[in-house]
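In what follows, a structure is listed as structure tokens, so that the remarks can point back to it.
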Amino acid sequence: MDANGVKQPLLSKPFNSPRTDKKELKRNRLRRCKSAPLAEAVLQEANLNGPIQPSNSILRNLHPSFKRVAIILVFYLGIGTMCFYLVRNEIDGEKTNDLFDAVYFCIVTMTTVGYGDLVPGSALTKLLACAFVFSGMAIVGLILSRAADYLVEKQEILLVKALHLRNKVGPTEMLKEIETNGVRYKCVTAFILLLLLIVAGTTFLALIENLDIVDAFYCVCSTITTLGYGDKSFSTEGGRIFAVFWILTSTICLAQFFLYIAELNTENRQRALVKWVLSRRMTNVDLEAADLDNDGVVGAAEFIIYKLKEMGKISQEDISLILEEFDDLDVDQSGTLSGSDITLAQSS
């Protein structure tokens with residue numbers, strides 16, 4: 001009762017045992033462990049739900065990897081075009097325009113399509129073709145594929161937005177969805193882009209190169225798989241201008257699609273392994289293996305490390321390297337890190 005004699009309701013408080021409080025405290029302490037967020041993830045989270053802002057300068061807002069890729073590609077095509085243009089009289093085959101033929105031959109060589117409609121006719125052009133085919137494969141494999149992967153990731157965000165258009169999904173939930181099913185979305189995006197490129201190539205060959213639908217589709221398939229039989233190819237000036245852009249994008253898109261399929265298969269196997277590890281019962285042998293400091297008991301950190309090792313996410317070598325770094329930072333050899341340890345380690 002209060003001072004006026006009115007009875008006040010009792011405030012009920014759930015009872016927690018000391019053991020429960022201690023367990024919850026330890027769990028919360030482990031949950032506080034964070035790592036620094038990636039800069040790209042922060043930028044994506046800030047722009048996931050916002051409208052696309054118009055850019056004042058394309059070059060200024062271009063991703064750094066694209067600038068590097070563009071410079072390398074322009075340099076490669078410039079050198080290749082100049083070399084093959086200078087030896088144009090030593091290249092045999094169906095010719096249309098000397099400059100366009102040089103660029104076209106460079107792209108066909110770079111992507112290893114090799115139709116055979118233009119072929120080296122001398123020892124010099126054969127040596128040039130050998131040099132440019134190896135350098136072109138390196139550019140496609142190491143540089144252009146990374147740029148294509150970045151483009152697919154951008155389209156992946158648009159795909160997730162479209163799939164969740166009716167649901168009010170925040171940026172955090174969208175990032176979690178992309179992280180969980182990112183490879184699957186990449187496969188779908190690459191497949192859609194590949195279909196569009198196949199349709200575009202087939203339509204162009206049927207309308208501009210005057211091939212029937214079957215021959216046009218046959219030429220498209222032999223091109224994007226770099227099979228290049230050579231019985232059907234781009235033989236007109238306009239067709240070879242189109243082929244310069246289409247062959248490069250379609251062959252890379254197909255390669256990325258199969259790469260994502262392999263990644264998806266690996267990810268599914270990894271998830272199956274994680275599910276098996278989490279569902280498997282702990283034994284005394286496992287308890288002994290998880291006891292890193294050999295004190296007879298396994299703490300939460302030791303248990304997490306052991307499970308991560310079973311899942312294949314970390315190895316014993318990774319743990320040893322991290323422990324070495326910990327020992328270097330633990331200047332006073334107390335077994336824990338403090339601000340004074342970090343200061344002493346930085347000063348030394």
Side-chain angles (χ1 to χ4, degrees), residues 52 58 62-63 66 69-70 73-74 76-77 80-81 94 96-97 99-118 136-137 139-141 143-163 184-261:
I52 300 176
I58 296 177
L62 198 62
H63 194 270
F66 276 124
V69 167
L73 184 60
V74 169
Y76 172 86
L77 292 178
T81 302
E94 302 176 8
T96 58
N97 178 281
L99 181 61
F100 294 150
D101 287 345
V103 181
Y104 170 76
F105 185 74
C106 198
I107 290 292
V108 170
T109 304
M110 175 186 190
T111 55
T112 69
V113 171
Y115 286 124
D117 50 355
L118 293 176
M137 290 176 65
I139 290 175
V140 171
I143 300 173
L144 294 183
S145 60
R146 293 184 182 180
D149 186 62
Y150 178 77
L151 271 178
V152 170
E153 286 181 356
K154 289 297 183 184
Q155 300 304 316
E156 173 192 2
I157 295 175
L158 297 178
L159 178 62
V160 175
K161 277 186 177 182
L163 292 176
R184 186 174 287 104
Y185 286 130
K186 283 184 178 181
C187 286
V188 174
T189 305
F191 180 72
I192 294 173
L193 293 175
L194 185 61
L195 281 181
L196 293 175
L197 288 169
I198 290 175
V199 171
T202 304
T203 305
F204 185 89
L205 284 167
L207 296 178
I208 306 301
E209 297 290 334
N210 296 322
L211 299 179
D212 59 60
I213 295 297
V214 175
D215 286 341
F217 181 70
Y218 162 76
C219 181
V220 165
C221 292
S222 63
T223 300
I224 64 176
T225 56
T226 69
L227 189 59
Y229 283 122
D231 52 343
K232 303 295 180 183
S233 62
F234 297 88
S235 57
T236 64
E237 182 177 328
R240 290 184 175 178
I241 296 175
F242 172 80
V244 166
F245 302 97
W246 181 82
I247 291 176
L248 191 61
T249 54
S250 59
T251 52
I252 293 176
C253 186
L254 181 66
Q256 289 297 117
F257 174 68
F258 284 119
L259 175 63
Y260 296 145
I261 291 292

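We number each residue from 1, following the sequence as shown.
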Full working for side-chain contact (heavy atoms from CB on, under 4.5 Å) between Leu197 and Ile224 = CA-CA 9 Å; Leu197 288 169; Ile224 64 176; over 6 Å; no
Start with the C-alpha distance between Leu118 and Asp101, add both sets of side-chain angles, then the distance that settles side-chain contact (heavy atoms from CB on, under 4.5 Å), and finish with yes or no.
-> CA-CA 8 Å; Leu118 293 176; Asp101 287 345; 4.2 Å; yes
Would you please test Lys186 and Leu259 for side-chain contact (heavy atoms from CB on, under 4.5 Å) and show each step?
-> CA-CA 10 Å; Lys186 283 184 178 181; Leu259 175 63; over 6 Å; no
Go through the steps for Phe234 and Ile241 under the test side-chain contact (heavy atoms from CB on, under 4.5 Å), then give the verdict.
-> CA-CA 9 Å; Phe234 297 88; Ile241 296 175; over 6 Å; no
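Note that CZ of Phe191 is 9.0 Å distant from CD1 of Ile261, once rounded to the nearest 0.5 Å. Summarising the geometry, atom OG1 belonging to Thr236 is positioned 11.5 Å from atom CG belonging to Asn97; distances are rounded to the nearest 0.5 Å. One finds the CD1 atom of Ile198 at 4.0 Å from the CG atom of Leu194 (value rounded to the nearest 0.5 Å). Going from atom OG of Ser250 over to atom CZ of Phe245 covers 13.0 Å, rounded to the nearest 0.5 Å.
Taking each heavy atom of Cys106 and Gly80 in turn, the nearest pair found is SG-CA, 3.8 Å. Taking both residues in full, the closest heavy atoms of Gly114 and Val108 are given as N-CG1, 3.2 Å, listed atom of the first, atom of the second, then distance. The heavy-atom pair separating Ala206 from Ala216 by the smallest distance is N-CB, 4.1 Å. Heavy atoms only, all atoms of each residue included: Val199 and Thr203 are closest at O-OG1, 2.7 Å. Closest approach of Cys253 to Ala190, counting heavy atoms only: SG-O, 3.6 Å.
Paired with Ser235 under the rule side chain to side chain donor-acceptor pair (under 3.5 Å), one option of Glu209, Arg240, Glu94 passes, and it is Glu209. Residue Ile107 forms a side-chain contact (heavy atoms from CB on, under 4.5 Å) with just one option from Thr251, Val113, Val244, Thr81, and that option is Val244.
Judged as a side-chain contact (heavy atoms from CB on, under 4.5 Å), and not counting sequence neighbours, the contacts of Tyr218 are Tyr229, Asp231, Lys232.
Tyr76 OH: more than 12 foreign heavy atoms inside a 6.0 Å radius.
Between Ile247 and Met110, the closest side-chain pair of non-hydrogen atoms is not below 4.5 Å.
Sorted by first and then second residue, the pairs that involve residues 104-116 and meet side chain to side chain donor-acceptor pair (under 3.5 Å), not counting sequence neighbours, are Tyr104-Asp117, Tyr115-Thr223.
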